[in-house]
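Below: one structure, written as C-alpha cells.
Just follow the structure's listing: the first ligand is 1, and inside any ligand the first atom is 1. Quick caveat, the model's predicted, so the values are computed rather than measured. Numbers here simply count residues along the sequence, with the first being 1.
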Amino acid sequence: MLIVMDKGAGPDELAAVVERIEKYGWQAKPIPGGERTAIGVLRNKGPIDPALFLDMPGVRDVIPVSKPYKLVSREMHPENTLIELKQGDNNSLRIGEGNLTLMAGPCAVESESQALEIAHAVKEAGATIFRGGAFKPRSSPYSFQGLGIKGLEILAKVREETGLYIVTEATDHEVLDIVEEYTDIIQIGTRNMQNYRLLRRAGQAKKPVLLKRGMWATMDEFLMAAEYIMSEGNNQVMLCERGIRTFTRHSRNTLDINAIPYMRQESHLPIVVDPSHAAGRRDQVIPLARAAAATGVDALIIEVHNHPEKAMSDGPQSLYPEQFLRLVEGLKDMNILL
Ligand code: PEP
Ligand code: MN
C-alpha cells in the first residue's frame, strides 16, 4: 500500500499518517518525491482498507501495491535508483544514470601480478570497476576456492594502483564483514540468492550490493531476494541477470534477455548483465554483451583473463584482454559508449 500525500502536505500531516500506520503494527517508509511525498506501508500481513487513511488531512490517494515486493518496486519508487561510489574526495562513479558502466576482471584473483596485469588492461580499455573473486563458490570441493583474505588484499592493491573500484563476492555470512571492509561493491552470487541470512546481513552493510539472479529463480523470487536486502535498510542494490538453467547444450546457461525490460518496468534498481556466466564459452560473450547493452542496461560484468588457458576458474568463458578491448570499441560504434 502506498499513501500519496498532497503537494502542500506539511510535516505534521505526514507524522500523523506515519503514527496511524505504526499504531496498526505496520512499518511506514516515507518516500520523498520531486513534488510530493508518498509513504509506503510495509510488514502488513494482508490487504489494508484504504478508508483507514483516506479521511486524514493531507492524504491525496491510497494505492494498493499489487506486488509481493514493495521497496524494490517501481510503484513505490518511480525514479531510477543511482548507485554512487566514491574514492577520496574527487573520484566518484555513478551507476544507473543512463550510461553503461563496465565491470571486468578475472573470475578469481590468483596472484598480485595476475590481478594487476588484467586490471591495467581492462582500465585501459574503458572499465571503471574491477571484478575478481577472493572467496569462490565452486561446484566441486576439490576446485580452487580462492585466495581468501590475501585475495582481498590484492584487490585493495589493485584499487590503490589503478583507481578502479572493486566488486567481489561474499560467499557466506561469516566472510561478509571482511569483504565489506575491503570492497566497494559486495557481490552475492547466484547460489546464494535465497540465502536469507546472508541477504539480511548484506542489507545491513554500508556498501552497495550486486545481487545475482539464482540460476533457477523466477523474477518474483529474484525481486523478493532484493527486497530482503532493502528491507534491512540498504537501498543500494543492483540486479544482475547472469543466465538461467534451460535445456540447451550450446551454452552453460541461457541469458534471459526478456528479464531486462521486465526488471526495468517492475523495479527502479540498476540492471547489470553478466554475459560470461550466461554463455560459459568465450565465443558467445561478445554477442551477448552487445545484445544486453542494446537493451539499455546500466552495467556489464565481464570475465577477462590474461592467460585464460591457465585460469584457475572459468577460463573457457574469459575474454582475452584484446577481445575485451574489441568489445568496448564495438560498443562505441553502437553509440552505447561515448
Ligand atoms: C562469479 O562471478 O565468478 C560467479 C561465481 O558468478 P555466479 O554466482 O553468477 O555463478
Ligand atoms: Mn566466474
Side-chain angles (χ1 to χ4, degrees), residues 101-110 114-115 118-119 122 127 129-141 143-148 151-152 154-155 165-172 175-176 179 183-195 198-199 202 208-217 221-222 225-226 229 237-246 251-256 259 263 271-282 284-285 288-289 292 297 299-320 324:
T101 299
L102 296 173
M103 312 180 180
C107 180
V109 175
E110 298 168 11
Q114 172 247 19
I118 300 169
V122 298
I129 301 179
F130 184 72
R131 64 142 295 146
F135 297 92
K136 292 303 304 174
R138 303 305 301 281
S139 304
S140 164
S143 302
F144 176 59
Q145 307 284 311
L147 295 181
L152 295 177
I154 293 172
L155 289 169
Y165 293 89
I166 302 297
V167 56
T168 195
E169 181 167 352
T171 43
D172 58 46
V175 302
L176 201 138
V179 168
T183 195
D184 298 298
I185 302 172
I186 301 163
Q187 178 174 325
I188 305 282
T190 190
R191 294 159 187 82
N192 270 319
M193 191 210 79
Q194 285 182 317
N195 180 341
L198 181 62
L199 297 176
V209 177
L210 186 146
L211 175 67
K212 290 190 148 195
R213 178 182 178 189
M215 62 183 94
W216 56 82
E221 288 165 341
F222 185 30
I229 300 172
V237 180
M238 290 172 262
L239 301 170
C240 178
E241 162 60 33
R242 50 77 72 203
I244 49 171
R245 284 244 166 116
T246 65
S251 56
R252 180 169 168 189
N253 292 290
T254 296
L255 183 65
D256 184 5
M263 289 189 279
I271 301 170
V272 183
V273 163
D274 173 348
S276 306
H277 292 85
R281 43 187 282 185
R282 190 174 304 122
Q284 294 178 356
V285 172
L288 292 184
V297 295
L300 294 172
I301 181 164
I302 298 184
E303 287 186 341
V304 178
H305 200 289
N306 48 350
H307 300 289
E309 60 294 338
K310 290 195 215 140
M312 295 173 91
S313 66
D314 286 346
Q317 69 198 31
S318 300
L319 296 184
Y320 287 89
F324 180 68

Does I166 offer a backbone N or O that forms a donor-acceptor pair with the side chain of T183 under 3.5 Å? yes
Sidechain-backbone polar pair: N192 side chain, T171 backbone, donor-acceptor under 3.5 Å: yes
Find all atoms of ligand 1 within a distance of less than 4.0 Å from any non-hydrogen atom belonging to K136, and give their numbers and elements. 1 (C), 3 (O), 5 (C)
Starting from atom 8 (O) of ligand 1, find the nearest protein heavy-atom neighbour and note its residue, name and distance. T190 N, 2.8 Å
Report yes if some N/O of R191 lies less than 3.5 Å from some N/O of ligand 1; otherwise report no. yes
Any sub-3.5 Å donor-acceptor pair from D274's side-chain atoms to H277's backbone N or O? yes
Should you measure from each heavy atom of G189, which atoms of ligand 1 turn up under 4.0 Å away? 8 (O)
Contact between G133 and ligand 1, counting heavy atoms under 4.0 Å? no
Report the atom name of the nearest N/O/S atom of E303 relative to the Mn ion (ligand 2). OE2
Please report which non-hydrogen protein atom sits nearest to atom 10 (O) of ligand 1, along with the residue it belongs to and the distance in Å to one decimal place. R242 NH2, 2.8 Å
What verdict does the salt bridge (Lys or Arg N to Asp or Glu O under 4.0 Å) test give for D314 and K136, after you've listed the backbone C-alpha separation in whole Å, the side-chain angles of each residue and the deciding distance to 0.1 Å? CA-CA 11 Å; D314 286 346; K136 292 303 304 174; 5.6 Å; no
For E303, is at least one N or O under 3.5 Å away from an N or O on ligand 1? yes
Considering only heavy atoms, does R131 approach ligand 1 within less than 4.0 Å through its side chain, its backbone, both, or neither? side chain
If you count the atoms of ligand 1 from 1 in the order shown, which ones are under 4.0 Å from a heavy atom of C107? 3 (O)
Spatial distance of atom CG (L210) from atom CZ (R131) [nearest 0.5 Å]: 9.5 Å
Please answer whether the main-chain N or O of I302 pairs with a side-chain N or O of S276 as donor and acceptor at a distance below 3.5 Å. no
Any N or O on E169 sitting closer than 3.5 Å to an N or O of ligand 1? no
Ranked by distance from atom 4 (C) of ligand 1, the top protein heavy atom is H277 NE2, 3.4 Å
Touching ligand 1 at all, M215? Heavy atoms, strictly under 4.0 Å? no
Nearest 10° is fine: what angle sits at the Mn ion (ligand 2) between SG from C107 and OD2 from D314? 90°
Return the closest protein heavy atom for atom 6 (O) of ligand 1 as residue, atom name and distance. K212 NZ, 2.9 Å
